[in-house]
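So that the names make sense, note that chain A is the first sequence line, chain B the second, and so on, each numbered from 1.
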2 protein chains.
Amino acid sequence: MGKQLSGSGRRATGSVGVRDVAKAAGVSTATVSRALNQPHQVSEELRKHVASVAAELNYIPDPAARALSSQKTFRIGALIPTIANSIYSRFVEALQRRLRQSGYSLVLANYDFDESLEMEEAQALVESGIDALVLAGEQRSPELYDLLNRRKIPYLLISIYLPDSPHRCVGYDNRAGAEAMTRYILELGHREIGVLEGPSGINDRARLRTKGIMDALKDFGVTLPATRITGRSFSVHNGREGLAELLEAAPEITAVICGNDVLAIGALMEAQARGLTVPEDLSICGYDGLDIAQDMVPQITTVHVPTAQMGLKTAESLVTLLSGEETPHSVLIETRLVPGGSTAPPRSR
Amino acid sequence: MGKQLSGSGRRATGSVGVRDVAKAAGVSTATVSRALNQPHQVSEELRKHVASVAAELNYIPDPAARALSSQKTFRIGALIPTIANSIYSRFVEALQRRLRQSGYSLVLANYDFDESLEMEEAQALVESGIDALVLAGEQRSPELYDLLNRRKIPYLLISIYLPDSPHRCVGYDNRAGAEAMTRYILELGHREIGVLEGPSGINDRARLRTKGIMDALKDFGVTLPATRITGRSFSVHNGREGLAELLEAAPEITAVICGNDVLAIGALMEAQARGLTVPEDLSICGYDGLDIAQDMVPQITTVHVPTAQMGLKTAESLVTLLSGEETPHSVLIETRLVPGGSTAPPRSR
DNA sequence: TCGCTTTATGTAACCGGTTACATAAAGCAT
DNA sequence: ATGCTTTATGTAACCGGTTACATAAAGCGA
């Protein structure tokens, strides 16, 4: 008795374990583990020998056993509002690809901008075992932050740049981008402006964009009556509805600033449906720089956000963090204004 | 000595373990485990007692330990070409939501239609520990199927319906849908038809759609010269390029059948950029039924695929399968033709 | 009341890795 | 050659749950 471990008492999974590899290679299990994970701790020839035996036996370490004893899962959670918007799907793709390169898997959850659902999903992710968590934006129930701190799970906020926040982040300045866009519109000469903002109630990114718009308008002394601003959650359909509402209430507007490209595409479609020519009759601009918006006719003026790059930076930051090294508290992703054919000076009258 | 397990020798994670709960509740670890996982095996009052103690201590079972001893990870992998196309992102969202309801997490990987990358990612997913895997389409290296069979990891193919395949699937009939669409175009009176197909080389769904188109054309005795068919990978930009190519080579065409809605949107944009009126000058149709295509002006005629429903069915099938029960080998997702304003009879001349 | 089945609970051996600690071998200055 | 440090390897105790098996209690028909 005593040696009743793997290699004897196994059947369900016909898989080989460290003990099998150890026996076959004529070494101890510790050596096998070290040869595979801390190669510099064993002699080169032994390392090669163990590696070849392991390969021959088709050895795959059991991830659960590894996680249990090492206390690392090599899994990272990402809690994303919705991947149906390509701003997030591109991010997730890049994040996943880069994480894999460092040996991490991505566990994805989405909550469709529902705060309580986000909390539930976060709880579930934590209970499923993750080394770190990615969250979108800063605004959420403090309980979630408490949970993560209590469980000592590092986390990173994305899509938002907050150098003064207690939380780490990798993101961009939503307010500044929207301000730059609004200035651009104002400098084209527009003064009768409509705003089709995002779902500002629940989304700090959307709110910051609205703030940027307001800042620029104020700077130019342009006022925004309540009839010239409306909000919708992000969808092409809502973009159409939103523009329709604005045009009913304020047909004199010459430009519409949209909370993102999806709303802008909707607005563009609605304008076409109403026989308005863009940009001659109405200028439209968005935010995010989605590929599809860049291929619209006319091309939609937007603030380009390099989300794939944000995914890379996020992954790198997390990997560094989990390796125990220091990493910047906040990383700024640069955005840039991309003028397109959807904006032009207002028709002179 | 002997009782040196959790509750004494722990510090790194200040977390409580079964042994702590057991001690606090005055029962054995087995009872705790059973009270929490097989409630019917313990008396109701004990169950409640254990549950309350566990809640009070804020007990969260270690997922790695659970996975190690139970040989179930409660994680499901999904290997998706790209979530940047909302046909997949909607699917993934629904899949994840439904899986969570049954206690499973979703581990996501994407491979951008690159077969060798798919194999790598699959390997990594398997090594990361999953109970089952979701794959898109059937066509891939047999090695991948071998790997899964060897590791006894159940898998499910999506986006494709193959009652005769050895593999389980939840999907729809790509060929039939495309055939129906083509018939619709033909019945409108079009005979000068262009085809803008998907990346048929690497994608069995795209190939089946092309086959459906060809079947219908043949049925109507319409031939398709090589100049009237071109292929592109799925993007709006490629849709524009593709239509440009077709119009250069065959300006006489009155309708273009596209491999999916994304290409169709691109074609629509290109038509507009060229001053062609859709559908009067050119009819355009797509496939998938993306929201955005439904909100285009004109609305794009398409074959609607209920991907969210496919996500639900996929999740349910997997959960059933993993619970040991039987589940249908193949599940058909019904699609339907949705006529829009982007198609009309050809201009009579 | 006896004996048999059913139900509830406890004991401890797993699951399959990692790693602290012990030990042996090798390197090296004196 | 001696003693000390460094390097390579082995032994076995973990990690924290689950569950087979044993046992005790309860139910029940004759």
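Side-chain atoms of A:Ser70 lie closest to C:dT18 of the nucleotides D:dG17, C:dT18, D:dT9. Considering only side-chain atoms of A:Ser69, the nucleotide from D:dG17, C:dG17, D:dC21 that sits closest is C:dG17.
A:Ser105 and A:Arg100 share a side-chain donor-acceptor pair at under 3.5 Å. If you check the side chains of B:Ser141 and B:Glu115, you find no donor sitting under 3.5 Å from an acceptor.
Nucleotide C:dG16 holds its P atom 18 Å from the CZ atom of B:Arg66, rounded to whole Å. Between B:Leu68 atom CG and C:dT18 atom P there is a gap of 12 Å when expressed in whole angstrom units. Following rounding to the nearest Å, B:Asp20 (CG) and D:dC15 (C1') show an atom-to-atom distance of 14 Å. Atoms CD (A:Gln71) and C1' (C:dG16) sit 14 Å apart, rounded to a whole Å. Per the geometry, CG belonging to B:Leu46 stands 7 Å off P belonging to C:dG10, to the nearest Å. Here C:dG16 presents its C1' atom at 16 Å from CD of B:Glu127, a figure rounded to the nearest Å. Here C:dT9 presents its P atom at 14 Å from CG of B:Leu36, a figure rounded to the nearest Å. With rounding to whole Å, A:Leu57 atom CG is found 15 Å from C:dG16 atom P.
At the phosphate of D:dG16, neither OP1 nor OP2 sits under 4.0 Å from any side-chain N or O atom of B:Tyr59. Between A:Ser33 and the phosphate of C:dT18, there is a side-chain N or O to OP1/OP2 separation shorter than 4.0 Å.
No more than 12 heavy atoms of other residues, nucleotides or ligands lie within 6.0 Å of NZ in B:Lys48, so this atom counts as exposed by the packing criterion. In the displayed structure, A:Glu45 atom CD is contacted under 6.0 Å by at most 12 heavy atoms of other residues, nucleotides or ligands.
Here D:dA22 sits opposite C:dT9 as a Watson-Crick or G-U wobble pair (both hydrogen-bonding atom distances under 3.5 Å). Across all strands shown, the partner of C:dA29 is D:dT2, judged by Watson-Crick or G-U wobble contacts whose two distances both fall under 3.5 Å.
If B:Arg34 and B:Pro61 are placed on DNA chain D by their nearest nucleotide, the residue sitting closer to the 5' end is B:Pro61. Mapping A:Ala30 and B:Thr29 onto DNA chain C via the closest heavy atom, the residue that lands nearer the 5' end is B:Thr29.
Backbone-only contact: A:Gln38 has heavy atoms under 4.0 Å from sugar-phosphate atoms and none from a base. Residue B:Ser43 is in sugar-phosphate contact alone, with no base atom involved, counting any heavy-atom pair closer than 4.0 Å across all strands shown. Across all strands, A:Val32 comes closer than 4.0 Å to no nucleic acid atom at all (heavy-atom distances). The residue A:Thr31 sits close only to the backbone: its heavy atoms come under 4.0 Å of sugar-phosphate atoms, none of a base.
Using cut-offs of 30° and 60° for the angle between ring planes, the B:Tyr104 and B:Phe74 rings count as tilted.
For C:dG17, its base sits under 3.5 Å from the side chain of A:Arg19 at one donor and acceptor pair at least.
The two residues A:His167 and A:His329 make their nearest non-hydrogen contact at O-NE2, 3.1 Å.
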